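To start, the structure itself, in C-alpha cells.
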Amino acid sequence: MNPPHDLETLQLETLAVRAGTHRSQFNEHSEGLYLTSSFVFDNAAQAAARFSGAEPGNVYARFTNPTVSALQERLAALEGAESCIATASGMSAIMAMVMALLQSGDHIVCSRGVFGATQQLLGTIMPRFGIRTTFVRTTDLNAYRAAIEPATKLIFIETPSNPLTEVADIAALADIAHAAGALLAVDNCFCSPALQLPLQMGADIVVHSATKYLDGQGRVLGGAVLGSKAIGEEMLKFLRTAGPSLSPFNAWVILKGLETLRIRMQAQSAAALELATWLETRPWVERVYYPGLASHPQHALAMRQQSAGGAIVSFEVKGGREEAWRLVDATRVLSITANLGDTKSTITHPSTTTHGRISDEARAEAGIRENLLRVAVGLEAQQDLRADLERWTY
Ligand SMILES: *Cc1c(COP(=O)(O)O)cnc(C)c1O
C-alpha cells in the first residue's frame, strides 16, 4: 500500500512526484483517476456519519473526490501550505477566496498589474456585492499603505505582473497587511512554487491558475487556494455549497503536470533569460522587461524572492503598433495566442488583446504601450525562437 511520506523532510523535486500518492486496492503506480460524482455508503448509519462530518470520507464530488484530494495534497506540499482547495479555474479560485473570506462592506487593496479578469472581478463585479477594491501601483509600498482603510481585509497581489513583469515585495506587503489586520494573498501563477514560495515570506494565501504552469501543457482549466487549516475550512464550506469545484479529470491532468513542474520552470526560465539577454542586444528592440536582467528596476528584489526570473519576457520594438504586428505576423514557430504557461512558446500584443478592453488612459498609466510584445517562453530550441522573432527584419 501507499508508503506514508514524511513530507517535512522531502525536497520540492521529490514532493512534486511523491506527495499525494494514495494507492487503491490495485496498488497502481500512477495516481488513480476517479471519474465519479458520488460515493456509496455501506449503510444508512455511515451515510449519516459522512454527511454530518462525524466520519471522514467522500460524499459527493462537489465536496471532495480522491483525485482532486491527491492534487490538493501535492500542491499543498509544494507551496508549504496547511491546506489547499482546488477549483474549476484560476478565476473561480479568486472568486471563491473573496466570497469565502470577505463580506459586504469589506475593502481590498490590489496591485494594479493583475490579470485582466481579476481586475474586472474585483473592480466591477464584487462592488455589486458591497466589496470594494482600490488598485495601486504594484511596486509602490507607500501607495498600499495610503490605500488601507479601516474596512481593508485583504491585500491582493500578483508578482511578477503581467505583462511588464513588475515585482511586488511580498515580505514588506505581508507586514503592511498584518499591521492593518488584513490578509495578504499572492497570485503565484507566473512563478509557481518551483520558483517562489509566498507563504514562507509571510503571505497568508496563495492562489493559482493551474491552467498555466501547473498543468504546463495547455490542456485543462484549474485553480487553487492555499493557506492555513482555518482558511482551508472556510474555503471548503464555500466550495461545497457554491460549487466551483474542480473536475477529477482536470485534477488528474494537473497532478501529472506537477511532476515535471520544477524541471519545466527551470528550463523555461533559463531559456527566457537567454532570450531576454539576446533581445537587449537587438537594434530593433527599444526595451526589455525581464526580472532576471540586471537592467530590471526590481532585479535585486526579484532575485531575493524568486529562485529564477520566470518564463515571461516582454519587450518594446522600435516603432509602434505597426512594427509590433509585423513582428507577430512574421513568426512561424511561436503561437499567436494570449495564453501562457505552456511548453509551446506564445506571443501576444497586449495593448490590442489582453489589455485591449481597458481605457487608453488606464493603459497608458499601466505603461502598456502599442510597441509592447509579450513572449511566454516554452521548450523550443533557442535558435528557433530567435530566428522567429527576427524574421520580420529580413
Ligand atoms: C490565467 C490567469 C488567471 C485566471 O486563470 P484561469 O484558469 O484562466 O481562470 C489568474 N491569474 C493569472 C496571473 C493568470 O495568468
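Remember, predicted model here, so these are calculated numbers, not experimental data. All ligand and atom numbering here is 1-based and tracks the order in the structure.
For Phe41, the CZ atom is densely surrounded, since the number of other residues' heavy atoms within 6.0 Å is greater than 12.
Of all atoms in ligand 1, listed by their number and element, those nearer than 4.0 Å to a heavy atom of Lys212 are 1 (C), 2 (C), 3 (C), 14 (C), 15 (O). Near Thr211, with a cut-off below 4.0 Å to any heavy atom, the atoms of ligand 1 are 6 (P), 7 (O).
Looking only at side-chain heavy atoms (C-beta outward), Glu390 and Trp278 come within less than 4.5 Å of each other.
Between atom CZ of residue Phe115 and atom CG of residue Leu122 there is a gap of 12.5 Å, rounded to the nearest 0.5 Å.
Taking 4.0 Å as the cut-off between side-chain N and carboxylate O, Glu323 and Lys318 do not count as a salt-bridged pair. Remark: Lys237 does not engage Glu233 in a salt bridge, criterion side-chain N to carboxylate O under 4.0 Å.
Closest to atom 5 (O) of ligand 1 among all protein heavy atoms lies Ser209 OG, 2.9 Å. Looking from atom 4 (C) of ligand 1 to the surrounding protein, the closest heavy atom is Phe115 CE2, 3.4 Å. Of all protein heavy atoms, the one lying nearest to atom 6 (P) of ligand 1 is Gly90 N, 3.4 Å.
At least one N/O-N/O distance between Met91 and ligand 1 falls below 3.5 Å.
Under the 4.5 Å side-chain heavy-atom criterion for ILVMFWY residues, no single connected hydrophobic cluster contains both Leu334 and Leu372.
Remark: distances from the non-hydrogen atoms of Gly222 to ligand 1 include one below 4.0 Å.
The option from Asp187, Thr118, Val220 that lies nearest to atom 12 (C) of ligand 1, judged by heavy atoms, is Asp187.
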